[in-house]
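In each ligand, atom 1 is the first atom listed, and ligand 1 is the first ligand listed. The basis for the numbers below is simple: all heavy atoms, side chains too, and nothing from hydrogens, waters or symmetry mates.
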Amino acid sequence: MQARSNRNLLVDQQKEILNMHQPETRTLSPSQGLRGEIVVPGDKSISHRAIMFSSLAEGTSRVRGLLRGEDCLSTLAAFQQMGVRVEDQGGELLIHGGGIRGLQEPANVIDCGNSGTTMRLMSGILAGQPFFSVLSGDKYLRRRPMARIITPLTAMGAQISGRENNTKAPLAIQGGQLRAGAYRSPVASAQIKSAVLLAGMQVEGETRVFEPHLSRDHSERMLRYFGVDIQVFEDGAQVCGPVSLKGREVEVPGDISSAAFFLVAALITPGSELLLKNVGVNPTRSGIIDILQQMGGSIELLNQRELSGEPVADLLVRYSALHGIRIDGELVPRAIDEFPVVCVAAVFAEGETLIRDAKELRVKETDRIAAVCDTLGRVGGQVEALEDGLRVTGSGHLRGGRVNSCGDHRIAMSMAVAALAADSEVIIEDTACTATSFPGFWELLVQISS
Ligand code: S3P
């Protein structure tokens, strides 16, 4: 395929295609079982980082398996806006990085869309760049807390201001010289950790982040893969700046957070046996496998290997009788995006499932504690909201009915999974949001559940 040149058109066109054919409301019927072999799209967190670090690297990086969902396209467009040249060769993207000082001041506001990762990680990068930038996003992202990154970055000398007394986007960043430092984050968040490390890697000295439990470590792994000297501890990570990144070949594994929908779908739908190929199983992300196995789910990890510094496996999952469990502590950040679909599994499990220490769910794309209670409750699930989690009383079945995703991709896909094992059809409103993380989700679901 002929290489296409660096232009926002590329991203705009892809975004349009993603949105164009997405009906807002979908009706899903119970399934007779899911069988076959599937490949889920590239990991969202790793894709963001592949774009960011390739853009900051010296030389050309080749990125294969990149997730072309709206969130990652927002990150790609942001770097294109700052002068990074990108060639789309179909199966792979060539990103021509200009080094850590190679970015240009963006001429317009950077639109992060729905993506918290884009906004928070870019804040860390932009705080240390010698120019002015503004980050904004959709109505959901503009409601999400930004003080969590503004506070540590400001302590490093960054000049960032935002709406509502510097707590919400849009964020205006006057980049400049920062100071290295140490930050003890009150929450286990890879976005906070990464924002501080990305700021720290641009300045002289050691910058260290401590966190209460280890959050996903894709930044640390990929920075190391790009040649950065970064140290990892049980309670965080440290970078010694200023660093330089070397362009690399990156192979992005399948997203375990996307695989999670199919794992649960197969576990709760009688007659199912599914092989999910090439899924990232980084231990800081694989909490969903531990949770589902503890619930009695049959999931085997086959063909374990490493891709660009990330562990990968094929996952074989079979319909299983599930039982309720308690989930808390260090397991929570390791499965933070999977709780909506864990609750679906819990509805079909015997007994109670209790999720605690998960207050972070209140500040995701939606308040996921409220959204899960509302949506699963409407189709007959017994779900109680707790301040920092959820209590699900398994009944083994769901009535069916009509729900709204609240514009949250993971709520929409969780309800689609619930529909497969429900007594009658589930109608889901506002489903276009699935394009943020999983283009092709509905087609794949139909393909293997018929
Ligand atoms: C992400 C970190 C997590 C996760 C999000 C992606 C990342 O957020 O929920 O979907 O790529 O760093 P927090 O850092 O806020 O926990």
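- A search for side chain to side chain contact (heavy atoms under 4.5 Å, CB included) contacts involving T375 returns V403, I411, M415, not counting sequence neighbours.
- The side chain to side chain contact (heavy atoms under 4.5 Å, CB included) search around R144 returns R120, L141, M146, K364, E365, not counting sequence neighbours.
- Residues L94 and S61 have side chains not in contact (no heavy-atom distance under 4.5 Å, counting atoms from C-beta outward).
- Between R68 and D88, at least one side-chain N (NZ, or NE/NH1/NH2) sits under 4.0 Å from a carboxylate O, which counts as a salt bridge.
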Atom pairs and distances, ligand 1 N/O vs protein N/O under 3.5 Å:
residue: ligand 1; atom: 8 (O); partner: K364; partner atom: NZ; Å: 3.1
residue: ligand 1; atom: 9 (O); partner: D337; partner atom: OD1; Å: 2.6
residue: ligand 1; atom: 9 (O); partner: D337; partner atom: OD2; Å: 3.4
residue: ligand 1; atom: 9 (O); partner: K364; partner atom: NZ; Å: 2.7
residue: ligand 1; atom: 10 (O); partner: D337; partner atom: OD1; Å: 3.4
residue: ligand 1; atom: 10 (O); partner: D337; partner atom: OD2; Å: 2.8
residue: ligand 1; atom: 11 (O); partner: S45; partner atom: OG; Å: 2.7
residue: ligand 1; atom: 11 (O); partner: R49; partner atom: NH1; Å: 2.9
residue: ligand 1; atom: 11 (O); partner: T117; partner atom: OG1; Å: 3.4
residue: ligand 1; atom: 12 (O); partner: R49; partner atom: NH2; Å: 2.7
residue: ligand 1; atom: 14 (O); partner: S189; partner atom: OG; Å: 2.7
residue: ligand 1; atom: 14 (O); partner: A190; partner atom: N; Å: 3.0
residue: ligand 1; atom: 14 (O); partner: Q191; partner atom: N; Å: 2.8
residue: ligand 1; atom: 15 (O); partner: K364; partner atom: NZ; Å: 3.3
residue: ligand 1; atom: 16 (O); partner: K364; partner atom: NZ; Å: 3.1

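- Applying the side chain to side chain contact (heavy atoms under 4.5 Å, CB included) rule to V232 yields the partners E220, R224; only residues at least two apart in sequence or on another chain are considered.
- Here the side chains of V187 and K359 are not in contact, with every heavy-atom distance at 4.5 Å or above.
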